[in-house]
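Below: the structure, in structure tokens.
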Amino acid sequence: MPTEPHPALVAHVDVNSAYASFERVFDPSLEGVPTVVLSNNDGCVVAASKEAKALGIPLGEPWFKLQPRAAMTGLQARSSNYELYGDMSRRVMEVLERFAPTLQYSIDEAFLLLGPRSAETDLAAFGREVKDTLRRLVGVPVCVGIARTFTLAKLANRTAKKLPVFDGVCVWDSTRPEWRDALLARLPVSEVWSIASRLERRLAAQGITTVAQLRAADPVAIRARFNVVVMRTVLELAGTPAITLEEERIGKEQLIFSRSFSEPVTSREGMRQVLSVYGQQAAARLVRHHQKAKLLTVFAGTSHFAAQRDFPNMLVPLAAPTSDPVVLAKAAGRILPLLHEGTRYARAGIMLTDLRPADGQCAFEPFRFRHEDEGIAELVDQVNRKLGGGSVGLGHGGLRPGPQWQMKRQKLSPRATTHWDELALVKAG
DNA sequence: TCTGGGGTCCTAGGACCC
DNA sequence: TCTGGGGTCCTAGGACCC
């Protein structure tokens, strides 16, 4: 007799304390040790291992506050090594693809589209196999949540992470309904994907504070009082799929290159240099994505904590879609007159929007002079990729070693998977 | 002294067109 | 001369994500 199929199911998989786990793969001395990964400039904590969280270290905590206690608590810190994490992420996604069609959602999480399964499928066993395989092949710990909607799969994953009985795998519909209801009646709405502090406050004003209450709310009334996003969340909590996630999109809609400085930039001349370099970096990324931009936004800012605060920004339309570093750097420089000499700017950035494919044929593309050709961007990018970043650059961008304001990463681990000279060494002894 | 960086989606409102 | 409504496109801003 044929068994009833489950409705379409999704599995949510994510790497536990991702950046810290990636660091541990090539540095076993960190195993079991409280470990944090720091933001650029070694500013604040962006990832904390289980042991570090047990010490009560919240994400976002500035490193200068933790450092004094570090020796005493055995806390280890690493600068963020995005090249390593990006490559480890790629490995994780490759393994996941073996199990089911995969939608990558972020650097460390993905949804597996399981489709309908027969009721006899042992979903828990499937989840455990995913988990064990990633541990064996990539070396990272993950948790798995399986449910009928994206939102519930996220919630199941969170449950698997928090409650040891699940041992890292939670199949939502296999838990007892009374138990589930009791759990949701205890959880605050902010535990739900897409509900953060602002919405939490507004929902509380309507008397909705727990996940159970949100699930029971009338979707139409929610749509009227909030918006479609919250309505979809209500539907998803009740088991009705309402969110669509796109396949990996080809090309992005915007590109941001933004950095804070290791020490403040206080002069227009200094900022001209910064923006020249950032313009070239942004151009390099455009070229890598095979895109051109039509609109550039340039911004600078002091620290939010500074006495004298200033956040100038400017929109610069570009005459034609371009990825030319010279054009972008020059356009970014247009903000300079807005800056106040002597103000301590802590960061600057460039945002490129109205992006389009570089090879796209545009019937009305205006005639361009030779020097505005994309050739320069390509050439600079190729040379830098072959010989290392900063080998060539235009104007101020050619400086090497890096200038004073450049990002500080004093605790950087080797890029063990993407550079031959930084491979991990294993000694037999 | 020292507090990240890179994205997406939705909505409201204005400009403009028919 | 005066009047109406509906549609599209764009942008800024708010909110969220990891």
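Naming convention: chains lettered A, B, ... in sequence-line order (proteins, then strands); numbering from 1 in each chain.
Proximity of A/Ser260 to the phosphate of B/dG5: a side-chain N or O atom is located under 4.0 Å from OP1 or OP2. Considering only side-chain N and O atoms, A/Arg344 lies nowhere under 4.0 angstrom from the phosphate OP1 or OP2 of B/dT1. Under 4.0 angstrom from either OP1 or OP2 of C/dC17 there lies no side-chain N or O belonging to A/Arg198. Taking side-chain N and O atoms only, A/Arg202 has no distance below 4.0 Å to OP1 or OP2 of C/dA15. Between A/Arg285 and the phosphate of B/dG6, there is a side-chain N or O to OP1/OP2 separation shorter than 4.0 Å.
In this structure, A/Trp193 and A/Phe150 have perpendicular ring planes: the angle between them is above 60°, well past the 30° mark.
Ring-base stacking between A/Phe305 and B/dT3 is satisfied, the centre separation being under 5.5 Å and the plane angle under 30°.
Figure legend: A/Arg259 and A/Phe257 shown as a cation-pi pair, the cationic atom lying under 6.0 angstrom from the six-membered ring centre and within 45 degrees of its axis.
Both distances falling under 3.5 Å, in either a Watson-Crick or a G-U wobble arrangement, place B/dC18 opposite C/dG5.
Look at the P atom in both C/dC18 and B/dT3: the space between them is 25 Å, to the nearest Å.
The CG atom of A/Leu355 sits 13 Å away from the C1' atom of B/dG6 (whole-angstrom rounding). A/Phe111 has its CZ atom 9 Å from the P atom of C/dC18, to the nearest Å. Taking atom CD of A/Gln410 as the reference point, atom C1' of B/dT1 lies 13 Å away to the nearest angstrom. Atoms CZ (A/Arg232) and C1' (B/dC9) sit 9 Å apart, rounded to a whole Å. The distance between atom CG of A/Asn227 and atom C1' of C/dG14, rounded to the nearest whole Å, is 10 Å. For the pair A/Leu245 CG and B/dG7 P, the interatomic distance rounds to 18 Å; values are reported in whole Å. Distance, A/Phe299 CZ to B/dG5 P: 9 Å, rounded to whole Å. The NE2 atom of A/His289 sits 7 Å away from the P atom of B/dG7 (whole-angstrom rounding).
Residue A/Lys252 is in sugar-phosphate contact alone, with no base atom involved, counting any heavy-atom pair closer than 4.0 Å across all strands shown. Across all strands, A/Leu315 comes closer than 4.0 Å only to sugar-phosphate atoms, never to a base (heavy-atom distances). Across all strands, A/Asp42 comes closer than 4.0 Å to no nucleic acid atom at all (heavy-atom distances). Residue contacts shown for A/Leu38 are absent, as no nucleic acid heavy atom lies under 4.0 Å away. If you check every strand for non-hydrogen atoms under 4.0 Å, A/Glu109 touches sugar and phosphate atoms only. Nucleic acid contact for A/Arg223: sugar-phosphate only, since backbone atoms but no base atoms lie under 4.0 Å from a heavy atom of the residue. Note on A/Gln67: nothing from the nucleic acid sits closer than 4.0 angstrom, heavy atoms only. If you check every strand for non-hydrogen atoms under 4.0 Å, A/Trp63 touches nothing. If you check every strand for non-hydrogen atoms under 4.0 Å, A/Ile195 touches sugar and phosphate atoms only. A/Lys408 comes within contact range of no nucleotide atom at all, as no heavy-atom separation falls under 4.0 Å.
A salt bridge (charged side-chain N to carboxylate O under 4.0 Å, His left out) check over residues 67-92 of chain A, counting only residues at least two apart or in different chains, returns the pairs A/Asp27-A/Arg78, A/Glu83-A/Arg415, A/Asp87-A/Arg90, A/Asp87-A/Arg91, A/Arg90-A/Glu94.
Salt-bridge formation is not detected for the pair A/Asp324/A/Lys330: no Lys NZ or Arg NE/NH1/NH2 atom is positioned less than 4.0 Å from an Asp or Glu carboxylate oxygen.
Side chain to side chain, A/Asp42 and A/Ser79 meet the donor-acceptor criterion of an N or O pair below 3.5 Å.
Nearer the 5' end of DNA chain B, as judged by each residue's closest nucleotide, is the contact made by A/Ala346, out of A/Ala346 and A/Phe226. Place A/Cys44 and A/Leu255 on DNA chain B by their nearest nucleotides, and A/Cys44 ends up nearer the 5' end.
Each of B/dG4, C/dC18, B/dG7 was ranked by its minimum atom distance to the side chain of A/Ile256; first place goes to B/dG7. Nearest to the side-chain atoms of A/Ala196 among the listed nucleotides C/dC16, B/dG6, B/dG4 stands C/dC16. Residue A/Val228 has its side chain nearest to B/dC10 when only C/dC18, B/dC2, B/dC10 are considered. Among C/dC16, C/dC18, B/dT3, the nucleotide with an atom closest to any side-chain atom of A/Phe64 is B/dT3. Picking from B/dG6, B/dC9, C/dC17 the nucleotide with the shortest atom distance to the side chain of A/Glu253 gives B/dC9.
Two residues are said to be in side-chain contact when any heavy atoms from C-beta on lie closer than 4.5 Å; A/Thr353 and A/Glu253 fail this criterion.
Side-chain atoms of A/Gln280 do not come within 3.5 Å of backbone N or O of A/Pro325 as any donor-acceptor pair.
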